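Everything below concerns the one structure shown next.
Worth saying up front: this structure is predicted, and the values here are computed from it rather than measured. Reckoned from all heavy atoms, side chains included, excluding hydrogens, waters and symmetry mates.
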Number of protein chains: 2
Amino acid sequence: MRLSKRGEYGLRAMIALAEPAENSDTPQMMQIKEISQREQISTKFLEQILLTLKNAGLLHSKMGVGGGYYLARSAKEITLGQIFRVLDGPVAPIKCVSQMSYESCGCPDEETCGLRLVMGDVRNAIVGILDNTSLADVTKRQDAVRKSLGR
Amino acid sequence: MRLSKRGEYGLRAMIALAEPAENSDTPQMMQIKEISQREQISTKFLEQILLTLKNAGLLHSKMGVGGGYYLARSAKEITLGQIFRVLDGPVAPIKCVSQMSYESCGCPDEETCGLRLVMGDVRNAIVGILDNTSLADVTKRQDAVRKSLGR
DNA sequence: TATATAGTCTATAGTACTAGTATACTTTTG
DNA sequence: CAAAAGTATACTAGTACTATAGACTATATA
């Protein structure tokens, strides 16, 4: 039940982009290098990931001097589920319970397959979290933890 | 967030072994071939999987004529989580939230890492299902579905 | 005790995926 | 025009996945 490195880095980068800048309430524009240094990610690998996210419509970018990446929509409107699916594919642990990309798993009787029933529950649990957590929710939660730690 | 074929086949086989035989309440002994035919799994691949499960103490076996595999404990005492971990390793989507095999994920500040907080929730949701669902629960549920379909 | 049955064990092979590297663009600003 | 910054592909080393093969060991029973 693993999140790939692409997924992990992509999610971390998106969260970083969602964090409000020092003196502003609006999400910031950041360069690949800034993010890769801050999150300890290979710059070249991160380039690919951000490009994928851009082509999927979750990020916008500006080329040239003073350019960088920024969120395509507000942090409230981008969920972790959207990001995850772009980078790691379907959320479902097994194809026969995937809503977005169903495929039969070849078991003798899908309707009464016990594994399918349970994995459906697992899918729903994961989707329930990822699709109902926005980037804004994440940064809010980070702030709450920081405050509770007195930082 | 994928279940491997090994995990899928292993879980399906264990569920099959947990299904009460026609005229008895006790779990049955089944041969590899029976299971592989019924569940449409390559026999040779299934051999390996059942062996792994046996070496992990979840199955017992009897060699020779009239032999086969049977559950090491009652279906009530074997959870899907136990089977999953033997075949697919840790349940956690990311190492830094794994209880059974924790490892730092190298992010700058683990304590306030938003991704870690959310993935912790995901882990708990999955574990909550897999560790609280026994093979007996699965077969019971299958029966309920069969009945509701009038079979 | 011979024989068929059934599980055990180890090796290996093809394929796909992962996690990057490398390189050569294109666009924008000053 | 030069430098900064993103775009686009191609490539690669390593690992994991999904098996397949073959020889071996234990058991029942005729």
Exercise. Taking atom C1' of C:dG20 as reference, at what distance in whole Å does atom CD1 of A:I41 sit?
Worked result: 13 Å

Exercise. Which residue, A:K62 or A:G7, contacts DNA chain C at a nucleotide closer to its 5' end, judged by nearest heavy atom?
Worked result: A:G7

For this session: Classify the side-chain pair B:S134/B:D137 by whether it contains a donor and acceptor separated by less than 3.5 Å.
Result: yes

Exercise. More 5' along DNA chain C: B:Q48 or B:Q31, using each one's nearest nucleotide?
Worked result: B:Q31

Exercise. Going by atom types only, do A:T112 and A:D109 share a side-chain donor-acceptor pair under 3.5 Å?
Worked result: yes

Problem set entry | Between D:dT18 (P) and B:F45 (CZ): distance, integer Å | 6 Å

For this session: Look at A:Y69 and D:dA5 and indicate whether a side-chain polar atom (N or O) is within less than 4.0 Å of OP1 or OP2.
Result: no

For this session: Look at the side chain of B:N55 and decide which nucleotide, out of C:dC9, D:dA8, D:dT25, has an atom nearest to it.
Result: C:dC9

For this session: Give the minimum heavy-atom separation between B:T43 and B:S36, together with the two atoms involved.
Result: OG1-OG, 3.1 Å

Exercise. Atom CD of B:Q40 and atom P of D:dA19: how far apart are they, to the nearest Å?
Worked result: 13 Å

Exercise. Does A:S42 place a side-chain N or O at less than 4.0 Å from the phosphate oxygens OP1/OP2 of C:dA19?
Worked result: no

Seminar exercise, completed: Whole-Å distance, B:R2 CZ to C:dT18 C1', equals 15 Å

For this session: Using atom CD of B:E47 as one end and atom C1' of C:dA6 as the other, report the distance to the nearest whole Å.
Result: 9 Å

Exercise. Which heavy-atom pair separates A:F84 from B:M1 by the least distance, and what is that distance?
Worked result: CZ-N, 3.7 Å

For this session: Specify the separation, in whole Å, of atom CG of B:L46 and atom P of C:dT8.
Result: 12 Å

Exercise. Is there a side-chain contact between B:V145 and A:L117, using heavy atoms and a 4.5 Å cut-off?
Worked result: yes

Exercise. Checking all strands, does B:I32 fall into the base, sugar-phosphate, or nothing category for heavy-atom contacts under 4.0 angstrom?
Worked result: sugar-phosphate

Exercise. Between C:dA19 atom C1' and A:L87 atom CG, what is the distance in whole Å?
Worked result: 13 Å

Seminar exercise, completed: Whichever of A:L51 and B:T43 has the more 5' nearest nucleotide on DNA chain D, that residue is A:L51

For this session: Examine the base of D:dG22 for any acceptor or donor lying under 3.5 Å from a partner atom in the side chain of B:K44, and report the outcome as yes or no.
Result: yes

Exercise. Are any of B:S61's side-chain N or O atoms less than 4.0 Å away from OP1 or OP2 of C:dT8?
Worked result: yes

Exercise. Using a cut-off of 4.0 Å on non-hydrogen atoms, how would the nucleic acid contact of A:K5 be classed: base, sugar-phosphate, or nothing?
Worked result: sugar-phosphate

Exercise. Just checking A:K33: base, sugar-phosphate only, or nothing, at a heavy-atom cut-off of under 4.0 Å?
Worked result: nothing

For this session: Counting heavy atoms from C-beta on, name the nucleotide in D:dT20, C:dT28, C:dT8 closest to the side chain of A:V65.
Result: C:dT28

Problem set entry | Whole-Å gap separating C1' (C:dT18) and OH (A:Y9) | 11 Å

